[in-house]
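Residues: numbered from 1 along the sequence shown.
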Amino acid sequence: MADIINLLPDNIANQIAAGEVIQRPASAVKELLENAVDAGATEIQLIIRDAGKELVQVIDNGGGMSETDARMCFERHATSKIKTINDLFEIRTMGFRGEALASIAAVAQVELKTRKTGSPVGTYIEIDNSVVRKQEPCQTAEGTSIAMKNLFFNVPARRNFLKSNAAELRHIVDEFIRVAMAFPQLQFTFTSNNQQVFYLEKGSLKQRIIAILGQHYNSRLVTVKESTDYLNVHGFVGKPETAKKTRGDQFFFVNNRFIKSPYLHHAIMSAFAELIPADSFPHYSLFIDLDPAHVDINVHPTKQEIKFEDDKILYAFVQSAVKHALAQFNVTPALDFNLDPGIQQLDAVSKPFTEQQQQRSANSSLYKTFTQANQAHIIDKSNNTSNLKHWKDLYEIGKTDLGTGSRGSDMPAMPETPAFVNRPSTASVIDDSWQDTTATDQKVPVQVHQQYILSQIKSGFILIDQQAAHERILYERYLRALQDKPMPTQQSLFPQTLQLLPQDAALIAEMLPDLQTLGYDMEPFGNHTFVVRGTPADIQSGNEQASIEGLLEQFKHFSAELKINKREQLVRSMARNNAIPAGKVLAPREMQNIIDELFACSMPNVSPGGKFTYVSFKLADLAKMFDRGN
Ligand code: ADP
Ligand code: MG
């Protein structure tokens, strides 16, 4: 038998290995930016085209490379940052594995220009598919420029896996922000399709946070600073009022490296626990510095996860540092100046609703009655879908109608009663003409707590969650708009100018064609500004800014939480954003419209996010509840 084992050719081995480091354009952005930081640059430019699919280029004014190094840097395991395994425990640089450039060169076309500080000439190298195509001396500024073109041109399967431009751009913006946030003392610029997205001047961390996340953080950041022999933490948390419904403005750095740590995130959230609503996220940019010997950053190829020698110490430390900062700063504005400290210390003031209190009410039998399964009012999931096929039957008010009981027949007919009184049931005992009446003559729905719509049906009644139901209606409407006919636009009397954060403007630019189909008449106006001339006909005018900002928030929320395509994401975001909220008073007509439209949907029973839109209460169950069953 012939031997069958081969050594893989270098370029294939590199391509396979590259999969770990370079998954998408944003991975290259991260690696190239980190290399520039490691090279001691003070000014770093990021240039991309076509969401990085066509070009990712980073230009820095750092130390540059010699001719030999320029050639060497593309070899696998070629690094200037460690020499022995022990160096791993003293790492102060961003990179150290010597894999990034080799990986990039294996899956893209790369052009490198570099000149070492003090050297008269620079080096130009062109390399693709791990093969050097050209190498020659060149004139270039001190520092390094690396351009990665046509990512995955030689691995079509992986190129096809890249997401829409909006999604890839968002990943790039995230990586850029993470590096830029970690090094406020360096200048960063970011240009996408020849448009400047960011120009970040050197400055303090606070200035950097505001430059990236927006002016409204200006007076809303609380300083965090604690030092011990073992570790230091410093940075900022947003005041509770800045907490958002969506994640995204949370940054954790360990020795200046951005990391994702659900564990430490939890520590911060618990410090905020009673200050912000559940399901909302405060801003934080926190830097932990500790001896590199106490952390292992080499547990993950992209180094976003790390291992600490002692997690628990870190958790407790971070939690108390944030608590301390919040307490010192006395984040409740009303308490800031008006009350004397004695009052502020009172439990009732400092702890509005403790965990024990919450627990106590959750254990109460009253609470359980309303939340436990197998209670009559809980929706029966099993036959829920089969009911839906016959939703029309639900609305034919039949002989079992509630109103036909003795009380109904005792009531005198009241011809001039207002519309919301139970007319059909009274009528039913008098004659049968109600059977022919149109929908408006049916039982009028009733709004409950400005949140639910109670509507009587043949077999009992249903309780509709107005917001979830409207979300479903809009979702299907918008989907249809994208599929066959564009949504009508309502032209605004006065065009509105929208000034957006740079990263948001870039996102909107990518979503523009779809937004137009969905009824937004808007175009870019330079400098992160858009002019909005019209909005989808079902949005109230005057709300253009809020509607688009809400849309962006939702869009980011979905791209963080779910893997769904961009259009789906956009449609869901719009539905969520434009749905009638809980708390809105509805006229009977509006409620009836919601009911009619909901049950004309192809999937009326759940919201696009998977929540129930209504719960049905059956007469039989009601009878049981009232002990009428037998
Ligand atoms: P690592 O950063 O892990 O060392 P890379 O593949 O990213 O590995 O880079 C390999 C080497 O190339 C680096 O160790 C560094 O010496 C050199 N290098 C990369 N980018 C630059 C740059 N922008 N300026 C100067 N040297 C660089
Ligand atoms: Mg590197």
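Residues F198 and F188 keep their aromatic ring centres 6.0 Å or farther apart. The aromatic ring centroids of F287 and F253 lie less than 6.0 Å from each other. Annotation: F258 is not in aromatic contact with F252 [ring centroid separation under 6.0 Å not met].
At a threshold of 4.0 Å, the pair E523-R533 counts as salt-bridged, since one of the basic side-chain nitrogens sits closer than that to a carboxylate oxygen. A salt bridge links E476 to R472: one of the charged nitrogens lies within less than 4.0 Å of a carboxylate oxygen.
Every pair passing side chain to side chain donor-acceptor pair (under 3.5 Å) that includes a residue from residues 48-65 is listed here, sequence neighbours excluded: T42-N61, R49-E54, D50-N165, K53-N165, Q57-S145.
Using modelled atom types, one side-chain atom of S103 and one backbone atom of E99 make a donor-acceptor pair closer than 3.5 Å.
Across every non-hydrogen atom of V531 and P495, the tightest pair is CG1-CB, 3.9 Å. A pairwise comparison of heavy atoms in P292 and R92 identifies CD-NH2, 3.2 Å as the closest pair. Between I212 and A180 the shortest heavy-atom distance is CD1-CB, 4.2 Å.
The side-chain heavy atoms of L213 and M181, taken from C-beta on, include a pair separated by under 4.5 Å. Counting heavy atoms from C-beta outward, F236 and V222 have side chains that stay 4.5 Å or more apart.
No side-chain donor-acceptor contact under 3.5 Å links Q196 and N527. One side chain, Y478 or N578, offers a donor N or O that lies under 3.5 Å from an acceptor on the other. Between R71 and Q135, the side chains place a donor N or O and an acceptor N or O closer than 3.5 Å (distance only, hydrogens not considered). No donor-acceptor contact under 3.5 angstrom links the side chains of Q215 and Y217, judged on distance only. At a cut-off of 3.5 Å, with distance as the only test, a side-chain donor of S204 or Q207 sits close to an acceptor on the other residue. A donor-acceptor contact under 3.5 angstrom links the side chains of N14 and R76, judged on distance only. At a cut-off of 3.5 Å, with distance as the only test, no side-chain donor of T79 or H77 sits close to an acceptor on the other residue.
The structure places CD1 of I146 at 5.5 Å from CG of L32, a figure rounded to the nearest 0.5 Å.
In this view, Q499 and H528, T529 satisfy the side-chain contact (heavy atoms from CB on, under 4.5 Å) rule, not counting sequence neighbours.
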